Structures are given as C-alpha cells and as structure tokens.
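First the structure, in the form of structure tokens, and then the observations on it.
Computed from a predicted structure; not experimentally measured.
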Amino acid sequence: MVPEESGQSTLRKILPFMRPFRRRILQLIFATGVISILAMLPPLFTRAVINDVIGERHTEILPGLIVLIFATPVLHAFVSFLQVLGIAYIGQKFVLDVRMHVYSHLLKLHIGFFGKYSTGKLINRLMGDSTTMQQILGANSIQVVSDLVCSLFAISATLYINWRLALPILIVVALFVVNFKLSIARIRKATRRWQNMNDRLSAGVQNRLVANLTVKTYAAENRENFHFDEQSEETTTHAHESWKASTTFSYNTQLLQEIGRVSIYFLGCAMVLDGSANYGDVTAFTTYAMQILWPAVRFSQLAEQLQNVRISTDRLFEILDQKPEIVSKPHALRLPRVRGQVDLDHISFAYIPGRPVIRDLDVHVKPGQTIALVGPTGCGKTTILSLIMRLYDVSAGTIRIDGHDIRDVALDSLRSQFGIVLQESLLFTVSIADNIRYARPDATMDEVVNAAKIAEIHEDILAIRNGYDAVIGDRDVQLSIGQKQRISIARAVLANPAIIIMDEATSSLDSESEKAIQRAMDRFLEGRTSFIVAHRLSTIRNADRIILLDGGVIAETGTHDELMAIPGGRYRELYEKHAGKGVITDETDE
C-alpha cells in the first residue's frame with residue numbers, strides 16, 4: 001500500500017545501511033514466519049473441537065487437541081520473545097551505524113557548508129531523523145512478513161470455508177487502499193513542514209544559548225523569550241496539523257476495520273440461519289477474516305511510518321549528498337615534519353564568484369619567520385590563514401609548504417603541521433588535561449603539565465577543584481575567558497607543530513597575562529614559522545615581517561622599522577594613531 005516509487009527510493013537509500021544485518025534480518029523473518037504459523041493454528045483447533053469433538057462426538061482426538069491448544073501459545077511466546085530481542089538489537093545497531101556514517105561525513109565536509117546549516121539544525125537531523133529511520137527495522141516492518149503469511153493463509157482458509165463470505169473482505173480491503181491514497185500526501189506534506197520548523201526552533205535555541213552573554217549584556221531576555229514562544233507556537237501548529245492528518249488516517253482505518261468485522265459477523269449469522277453454513281465454519285471464518293483485516297490496518301499504519309522514514313531519510317541525505325570540496329588526491333604525498341617554508345605564489349580567492357577577497361597575493365616566508373598580518377575589517381587576514389591550512393582552495397595561484405603544492409598533499413599530514421590558537425577559545429566538555437592533549441592523545445601527564453606551564457596556566461589549574469582532572473563545563477569549573485584562552489595555547493604548545501597560526505590569540509588576556517604569555521610564546525615560537533593576526537602593537541612590532549592588507553592586496557610590507565621609516569606610510573600612521581593605547585582598536589578589526 002506504499003507508493004511504489006517512494007518506497008523503492010527510500011529502500012535504495014537505506015539498503016546500504018541494512019546490508020551488515022542481512023543475516024540477522026533473515027533469522028528474524030524466519031522467526032516471524034514461525035510465529036505467524038503458530039498464530040494461525042488456534043482457530044483450526046477451535047473449529048475441530050466444535051465440529052468434530054462436540055458435533056461428531058470424536059472424543060478420542062480431544063487429548064491431542066488439548067496438548068496442542070496449550071503448547072502452541074507457549075511456543076509462540078518463546079519465539080516472540082526472541083524476535084523482540086532481535087528487533088531491538090538490530091534497530092539500535094542500525095541507528096548507531098547511520099549516526100556514525102552521517103557524523104563522519106559531516107567532519108569531512110567543506111567548512112563553508114557549516115555556514116549554510118546551523119549547528120542546531122544539524123544536531124536535530126543527526127539525532128532525531130536517524131531515530132526515525134529506525135522504524136524501517138522496527139517491529140511493524142518485520143510484522144509485514146507475518147502479515148503476509150497470515151493473510152495468504154487466511155485468504156486460503158476463508159475461500160475454503162465459504163467463498164461467498166470472502167466478498168465483503170475484498171470490498172473493505174479496497175476501501176483501505178482508497179483511504180491511504182486520499183490521506184498519505186497530506187500526512188507527508190504536514191510532517192515535512194513540522195520537521196523543518198523543528199529545525200528552525202532547534203537552531204534558534206542553540207544560537208541563543210551559545211550567545212547567552214550577548215543576550216544578558218543587552219538585557220534581551222524578554223525579547224528572546226518572545227521569539228522562542230513565537231517559534232514554539234508555530235512549531236506546535238505544524239505539529240498539530242501533522243498529528244491531525246495522521247490521526248484522521250488512523251481512525252478512518254480503524255473504522256473500516258470495524259465495519260468489515262460487523263458486516264462479516266452479521267452475514268455469517270444470516271448464513272447459519274438459512275443453513276448455508278454451520279457454527280464452526282462461521283467461528284473459524286470470522287477469526288480468519290480478522291487475520292486479513294488486521295494486517296490491512298497494520299499495512300496502513302506501516303505506510304504512514306514509512307512516509308516519516310522517507311522524510312527523515314531525505315533530510316539526512318541532504319547532508320550525505322553533499323560532496324566534500326576539499327579532499328586529498330588519490331595517493332597524495334604524506335608530508336614529513338616540515339621546516340616551515342611557506343610560499344603564497346600569486347594567489348587569489350573569492351567566497352562568492354566575481355567578488356574576490358584576496359587578489360594576486362605574493363608572499364614568501366622562510367622557515368622560522370614570524371609574519372604579522374594587520375589591516376581593516378574584511379581585508380583578508382583570516383582568509384589567508386584558512387587558505388594556508390587548506391580549509392578552502394585558492395581560486396588562482398599556488399600555496400606551497402617546503403616546496404610542495406598543498407593540493408598534492410594528504411590533508412591530515414598537512415594539517416598536522418599546524419598549531420592553532422584562535423581569538424575564541426574552543427574547549428570540549430572533557431577534562432582540562434584531555435583538552436590540552438587533544439592534538440596528541442598519547443601525550444604523557446608530564447608533557448601536559450609542561451605545556452600548561454609554558455602557557456602560564458599551570459598554577460590556575462592547580463587552584464581548581466580536581467585540577468587537571470576537572471571537566472570543563474561542570475558547575476564547579478568556572479574559567480575566565482583568559483584562562484580558557486591559555487588552555488588553548490597550552491594545547492598548541494603540546495602539539496609541537498612546525499607552523500603556528502595565532503588569530504588574536506592574546507586578545508582576551510589582561511596586560512600582565514599577555515606579557516607572561518608573550519615571553520613564553522617567544523621561546524616556543526623560536527625556530528617555528530608563525531602567522532599572527534594581532535591587535536597588540538607589542539606583538540606586531542616584534543614580527544620578522546609585517547604585512548598590511550587592504551582590500552585583499554598588500555598595501556605595505558616590511559619590518560616594523562622599515563615601515564615606520566616610510567614618510568606618510570599607512571602602517572606608520574596606524575601605529576602612531578594607536579601607540580598610546582598599545583592596541584589597534586576595533587575600527588581596524590577583521
């Protein structure tokens with residue numbers, strides 16, 4: 001009763017995930033067949049008791065019938081118990097495999113993809129839609145096998161007992177099909193609208209919780225409560241429409257089943273009265289008629305479930321059909337530890353075709369040099385760092401590390417060369433020690449402590465309850481922005497990279513902490529190539545080369561002294577303007 005095209009399309013998508021369980025599925029189908037046969041035997045036993053034992057007085061068969069009547073439900077219960085356990089196991093493993101596959105695929109996707117899909121929406125699909133897909137291997141799906149067996153058996157039995165009584169059953173089954181055809185499109189449309197609205201609600205909640213500090217800063221709690229309530233109301237409206245469509249379909253199905261049952265019952269009574277059927281035949285026939293009508297009801301319910309599965313599958317495959325834009329070539333070169341020579345050979349880049357962010361940039365960095373990138377908002381500082389790590393591919397030109405085009409290098413071996421500290425510290429809900437050793441899970445505790453000392457965070461960690469074992473995110477662990485940033489720096493120190501990328505790494509620290517970090521980083525950066533986006537003038541002036549960017553091109557480049565020696569130079573003007581503050585203010589941020 002499922003439209004052939006949608007059923008086949010959904011099955012084609014899901015089939016690869018089901019293949020690892022095909023042996024267990026076959027075992028479950030066999031068990032279901034056994035259960036079905038056992039379930040079909042009692043009406044025959046009842047008929048034999050009424051017609052043969054009571055009617056014909058064949059009492060010698062009664063002991064055997066009694067044994068069969070008691071043994072059949074016991075065996076049925078045992079096999080059913082094994083079936084339920086098997087269905088639960090396969091369903092849970094199936095969901096786990098789907099989630100792992102989608103999650104693994106997400107991690108491979110181009111970073112620009114995450115600008116199109118909010119984190120809340122992706123989580124909703126990863127967790128919610130994968131759970132909905134489990135219904136394809138649920139009890140109702142496996143029950144289809146039982147229903148088919150029971151229906152074929154019941155149809156044969158009813159035709160054998162009295163073919164005229166079978167005609168009303170065929171009419172009711174035809175009405176089931178009509179009910180399905182009229183209802184399923186409405187159900188699918190309403191359910192899709194509800195799930196899409198649920199995505200928006202989840203995304204909004206995630207964004208507001210992450211930006212909780214901003215909400216409080218601007219006293220926007222009431223406004224955000226209003227937005228949440230508004231979106232929740234809209235989601236509830238769509239959920240009600242979906243529920244109403246599904247409930248209408250379900251109740252119509254049950255009504256048809258009841259009409260069929262009553263019609264068969266009274267028709268059977270009429271046939272007994274006119275002598276064209278006996279009591280045993282009508283009793284057995286009525287039981288078998290229900291074995292036809294109940295599967296029709298379950299087929300209708302399963303068809304409704306499959307529509308939900310189809311929608312969830314389509315939503316997950318919106319993600320799975322996304323192709324990673326940045327991938328390693330087949331048999332790509334695996335970089336050993338590099339010396340740190342970086343060449344940006346006349347590179348250009350645009351996020352949107354026709355609107356370049358970087359224009360014909362030509363920069364050559366020797367191993368061990370520190371390069372400071374400065375310039376106004378949107379000049380391309382952070383974009384250059386992303387291109388060097390190959391988070392994006394250049395539109396033109398070539399980026400080389402130690403003479404190797406980074407597009408010819410295996411991605412993991414390329415990115416393992418970098419240590420990264422960003423303006424916003426990104427920590428995980430694990431222990432402080434595990435956060436520091438994230439880039440090197442096999443690092444010893446002594447190495448973790450040494451990295452923390454270099455980042456000037458060791459004493460702060462010891463002052464926290466449970467120290468390095470304290471889990472970030474627990475209510476007892478309260479870290480300042482500066483402390484979180486120094487843990488991020490310790491992580492980069494422990495990674496022992498050949499190339500360091502620091503994007504406003506010390507912007508969240510007070511002056512004293514920044515000075516201590518700067519001393520430690522000076523030792524750590526020695527012999528390593530580093531690219532620094534910084535606002536602190538002390539950081540900028542100590543760089544081996546400063547690159548002032550404007551509109552994606554190099555406006556000025558040189559050492560601090562060389563740039564300060566240019567009369568009327570833009571860097572000199574910038575430096576003198578902010579020298580009293582020690583920090584380049586937000587008007588020049590990116």
Report the C-alpha separation of L96 and Q92 in whole Å, then their side-chain angles, then the decisive distance to 0.1 Å, and conclude whether the side chain to side chain contact (heavy atoms under 4.5 Å, CB included) test is met. CA-CA 6 Å; L96 178 62; Q92 291 161 3; over 6 Å; no

Applying side chain to side chain contact (heavy atoms under 4.5 Å, CB included), run through Q417 and I401 and close with a yes or a no. CA-CA 10 Å; Q417 309 291 335; I401 292 182; 5.8 Å; no

Quick one: pull up CZ in F418 and CD1 in I388 and give me the separation to the nearest 0.5 Å. 6.5 Å

Once you round to the nearest 0.5 Å, how far does CG of L494 lie from CZ of R440? 5.0 Å

Answer yes or no: is there an ion pair linking D550 with R570, defined by an N-O contact shorter than 4.0 Å? yes

Below 4.5 Å, heavy atoms only, C-beta onward: do R545 and V363 meet side chain to side chain? yes

If every non-hydrogen atom of H346 is compared with every non-hydrogen atom of D362, which pair is closest and at what distance? N-OD1, 3.2 Å

Do D412 and R334 have side-chain heavy atoms sitting under 4.5 Å apart? yes

Near R359 CZ, under 6.0 Å, is it more than 12 heavy atoms from other residues, nucleotides or ligands? yes

Side chain proximity check, Y575 to L563, heavy atoms < 4.5 angstrom: no

Using the test salt bridge (charged side-chain N to carboxylate O under 4.0 Å, His left out), find all partners of K329 that sit at least two apart in sequence or belong to another chain. D408

Between H105 and Q322, the two heavy atoms sitting closest are NE2-O, 2.7 Å

Other residues, nucleotides, ligands: >12 heavy atoms within 6.0 Å of Y438 OH: no

If we ignore hydrogens and angles and just use 3.5 Å, is the side chain of T559 paired with the main-chain N or O of D544 as donor and acceptor? no

Can you find a heavy atom in the side chain of V394 that is under 4.5 Å from one in the side chain of R407? yes

S416 side chain vs S413 backbone, donor-acceptor pair below 3.5 Å: yes

Taking all heavy atoms of L549 and all of I384, pick out the closest pair and write down the distance. CD1-CD1, 3.5 Å

Sole residue of V471, I464, D460, L427 in side chain to side chain contact (heavy atoms under 4.5 Å, CB included) with I432: I464

Just by modelled atom types, is the E456 backbone N or O under 3.5 Å from a matching donor or acceptor in the R486 side chain? yes

Using the rule given for side chain to side chain contact (heavy atoms under 4.5 Å, CB included), can you reason through V421 versus Q485, listing the C-alpha separation, both sets of side-chain angles and the distance that settles it, and then say yes or no? CA-CA 8 Å; V421 183; Q485 190 69 308; 4.2 Å; yes

Can you name the nearest heavy-atom pair linking A350 to S395, along with the distance? N-OG, 3.3 Å

Mutual orientation of the aromatic rings belonging to F349 and Y351 [parallel < 30°, tilted 30-60°, perpendicular > 60°]: perpendicular

Assess whether a salt bridge exists between R400 and D345, defined as any Lys/Arg side-chain N lying under 4.0 Å from an Asp/Glu carboxylate O. yes

Above 12 or not: heavy atoms from other molecules or residues under 6.0 Å from CD of E573? no

Pairing donors with acceptors under 3.5 angstrom, does anything connect the side chains of T383 and Y392? no

Check: T370/S530 side-chain N/O donor and acceptor closer than 3.5 Å: yes

Would you check if the side chain of R337 reaches a backbone N or O of P497 as a donor-acceptor pair within less than 3.5 Å? yes

Give the intermediate values and the outcome of side chain to side chain contact (heavy atoms under 4.5 Å, CB included) for residues K93 and I90. CA-CA 5 Å; K93 288 289 290 181; I90 290 178; 5.9 Å; no

Return yes if some donor-acceptor pair links the side-chain N/O of D402 with the main-chain N/O of Q341 below 3.5 Å, else return no. yes

Gap between atom CG of D393 and atom CD of E325 - 0.5 Å precision: 9.0 Å

From K108 NZ over to I326 CD1, what is the distance, rounded to the nearest 0.5 angstrom? 15.0 Å

Between S431 and Y468 the two heavy atoms that sit nearest each other are CB-O, 3.6 Å

Within-4.5 Å side-chain heavy-atom neighbours: Y571 and I566: no

How long is the span from the CD1 atom in I457 to the CZ atom in R491, to the nearest 0.5 Å? 13.0 Å

Side chain to side chain, F428 and D434, heavy atoms closer than 4.5 Å: no

Between P324 and L109, is any pair of side-chain heavy atoms under 4.5 Å apart? yes

How many angstroms lie between CG in D97 and CE in M18, if you round to the nearest 0.5 Å? 12.0 Å

Verify, without hydrogens or angle tests, whether R465 (side chain) and A470 (backbone) share a donor-acceptor contact under 3.5 angstrom. no

Test item: L414 and M389 side chains (from C-beta on) under 4.5 Å apart, heavy atoms: no

